[in-house]
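These numbers come from the heavy atoms of this one structure, side chains and all, not from hydrogens, waters or symmetry mates.
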Amino acid sequence: MAVLSPERAPRLAPARMPPADVVRVGAVGLRTRPLRAFLSALGIAIGIAAMIAVVGISSSSRAELDRTLAALGTNLLTVSPGRTLFGGDAQLPPEAVAMIGRIGPVTQATATGQVAGNVYRTDRIPAAETGGIAVRAAQLGLLETVGAEVASGTWLNEATSRYPAVVLGAAAAERLGLPTAGPDVQVWLGGRWFTVVGVLAPVPLAPELDSSALIGWAVAGRHLDFDGHPTTVYTRTEADQVEAVRAVLGATANPEAPNEVDVSRPSDALAAAQATDETFTALLLGLGAVALLVGGVGVANTMVISVLERRAEIGLRRSLGATRGQIRTQFLAESLLLSALGGTGGVLLGILVTSGYALSQGWPTVVPAWATLGGVAATLVIGGFAGLYPAIRASRLAPTEALAGV
């Protein structure tokens, strides 16, 4: 019988491990050392949970802002007096509201006027202690125009606006310790007693009203020397005509000195506050990334120690015919599984934290899909890099060297 030379003998290709076997072999190290695997995955989970929670809470806050603006509208403009050419305080003419109301796309226009005076619970408090509560004369259409709601009592009407009646903003009522209105609830305002007929809920688009005591236009002129000049005109426009109306409001409110008029859009202030929150969110995401990096270092450390402890297993598998590529695949799969467990746990924990915080604030819960998918993808990338060196190191161990060291 002819004997083939070693050069002509057929070489058998090493057996390939199917994906199911790769996963099963890679999970061996996790099953044999569950506590170590849990602690290593925990570092990854904390980093991913922090990032998911930050993105989710920021998105939920943005969704709440969008919902608020959708309910209140972004078509509210405010007109207030600016500064004169010589740096003094300008004034809006008493006819400003009526003139603004004649602009075609304007649907509502009303005003408040600053009134000299302080508000107290009793008449025994020194006048120097203001309590930070402003007194404003208010026209009857104010409530509807700014989208405010009455939390207790009622709003001013044709009758009460002519008599000593007052509606308190939410913050003003809290400072005075008067959460509810009533016929027997009174405050000392401008040297006389005023009956508290209503308390407003917070007004997102006009926060200055929250710390105000609002009285009728007529009673302010009769008893508190109000001169009738509005200090803030609130204007509602058609939704698609906001910029066009904004461009002519200054000249319309004060034709003689349009440069002495300030025009603003309250929703822009809310958007600016959201932008500030986004800057803070970016900082928190950076901290989450650092935590994720620390978790990756923990995975790498765990895998290096695993290689050192499992030299006998590596030598035995190599002696039984496992190739370097199969050893490398085993430890790389173990690292990826460890990171995937941490990433999945971190995503679930982040969603749970976001949901809990959003529910406590009364916000809709929003966790972007890109954040969850990106979190899992980031863990796999980190797991791949963390396990690459230990996997290569394990594959380079010679069978005799691995078994001799045991």
Do [X] and [Y] make a side-chain contact, defined as non-hydrogen atoms from C-beta onward lying under 4.5 Å apart?
{"X": "Leu189", "Y": "Val166", "value": "yes"}
{"X": "Trp217", "Y": "Phe226", "value": "yes"}
{"X": "Ile46", "Y": "Leu42", "value": "yes"}
{"X": "Val219", "Y": "Tyr163", "value": "no"}
{"X": "Pro164", "Y": "Thr195", "value": "no"}
{"X": "Tyr234", "Y": "Val79", "value": "no"}
{"X": "Ser59", "Y": "Val367", "value": "no"}
{"X": "Leu249", "Y": "Ile103", "value": "yes"}

So does [X] have more than 12 non-hydrogen atoms from other groups sitting under 6.0 Å from [atom1]?
{"X": "Arg162", "atom1": "CZ", "answer": "no"}
{"X": "Asp225", "atom1": "CG", "answer": "no"}
{"X": "Gln361", "atom1": "CD", "answer": "yes"}
{"X": "Glu144", "atom1": "CD", "answer": "no"}

Would Val196 and Thr180 satisfy side chain to side chain contact (heavy atoms under 4.5 Å, CB included), going step by step from the backbone distance to the final call? CA-CA 8 Å; Val196 180; Thr180 58; over 6 Å; no
Donor-acceptor pair, [X] side chain versus [Y] backbone, under 3.5 Å?
{"X": "Thr344", "Y": "Leu341", "value": "no"}
{"X": "His229", "Y": "Gln91", "value": "no"}
{"X": "Ser335", "Y": "Leu332", "value": "no"}
{"X": "Arg136", "Y": "Gly113", "value": "no"}
{"X": "Thr107", "Y": "Arg236", "value": "yes"}
{"X": "Ser58", "Y": "Val54", "value": "no"}
{"X": "Thr84", "Y": "Ala90", "value": "no"}
{"X": "Ser339", "Y": "Leu336", "value": "no"}
{"X": "Thr235", "Y": "Ala109", "value": "no"}
{"X": "Asp210", "Y": "Val203", "value": "yes"}

For the residue pair [X] and [Y], what are the closest heavy atoms and their distance?
{"X": "Arg175", "Y": "Gly132", "result": "NH1-O, 2.8 Å"}
{"X": "Val167", "Y": "Val197", "result": "CG2-CG2, 3.7 Å"}
{"X": "Ala181", "Y": "Val199", "result": "N-CG2, 4.1 Å"}
{"X": "Val106", "Y": "Gly101", "result": "CG1-CA, 4.3 Å"}
{"X": "Asp262", "Y": "Pro81", "result": "OD2-O, 4.0 Å"}
{"X": "Pro94", "Y": "Pro230", "result": "CA-CD, 4.0 Å"}

ring-ring contact (aromatic ring centres under 6.0 Å, His included), that's the test. Do Tyr357 and Trp363 meet it? Break it down for me. CA-CA 8 Å; Tyr357 187 83; Trp363 297 348; 5.7 Å; yes
Are Ile133 and Asn118 close enough, and set up right, to give a side chain to side chain contact (heavy atoms under 4.5 Å, CB included), and what steps lead you there? CA-CA 7 Å; Ile133 300 175; Asn118 298 321; over 6 Å; no
Not counting sequence neighbours, which residues clear side chain to side chain donor-acceptor pair (under 3.5 Å) with Arg192? List them please.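 Result, side chain to side chain donor-acceptor pair (under 3.5 Å) vs Arg192: His223.
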Just verifying a value: how many Å separate [X] [atom1] and [Y] [atom2], rounded to the nearest 0.5 Å?
{"X": "Leu205", "Y": "Glu208", "atom1": "CG", "atom2": "CD", "result": "9.5 Å"}
{"X": "Arg102", "Y": "Glu95", "atom1": "CZ", "atom2": "CD", "result": "9.0 Å"}
{"X": "Gln139", "Y": "Ser161", "atom1": "CD", "atom2": "OG", "result": "10.5 Å"}
{"X": "Phe38", "Y": "Leu338", "atom1": "CZ", "atom2": "CG", "result": "11.5 Å"}
{"X": "Leu348", "Y": "Thr372", "atom1": "CG", "atom2": "OG1", "result": "10.0 Å"}
{"X": "Ser152", "Y": "Leu200", "atom1": "OG", "atom2": "CG", "result": "10.5 Å"}

Would you say Ser264 and Thr78 are linked by a side-chain donor-acceptor pair, where the criterion is simply a distance under 3.5 Å?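 Yes - a donor-acceptor pair under 3.5 Å links their side chains.
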Could you give me the CA-CA distance, side-chain angles and deciding distance for Trp193 and Asp123, then say whether side chain to side chain contact (heavy atoms under 4.5 Å, CB included) is met? CA-CA 9 Å; Trp193 291 104; Asp123 56 355; 4.1 Å; yes
Where do Val187 and Leu176 land on the side chain to side chain contact (heavy atoms under 4.5 Å, CB included) test, with the steps shown first? CA-CA 9 Å; Val187 293; Leu176 292 171; 4.1 Å; yes
Would you please name every residue forming a side-chain contact (heavy atoms from CB on, under 4.5 Å) with Ala49, sequence neighbours left out?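 Result, side-chain contact (heavy atoms from CB on, under 4.5 Å) vs Ala49: Leu349.
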My understanding is that only residues two or more places apart in sequence, or in another chain, count here; which of them pass side-chain contact (heavy atoms from CB on, under 4.5 Å) with Val242?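 In terms of side-chain contact (heavy atoms from CB on, under 4.5 Å), with neighbours along the sequence ignored, Val242 is linked to Asn75, Leu77, Thr237, Arg265.
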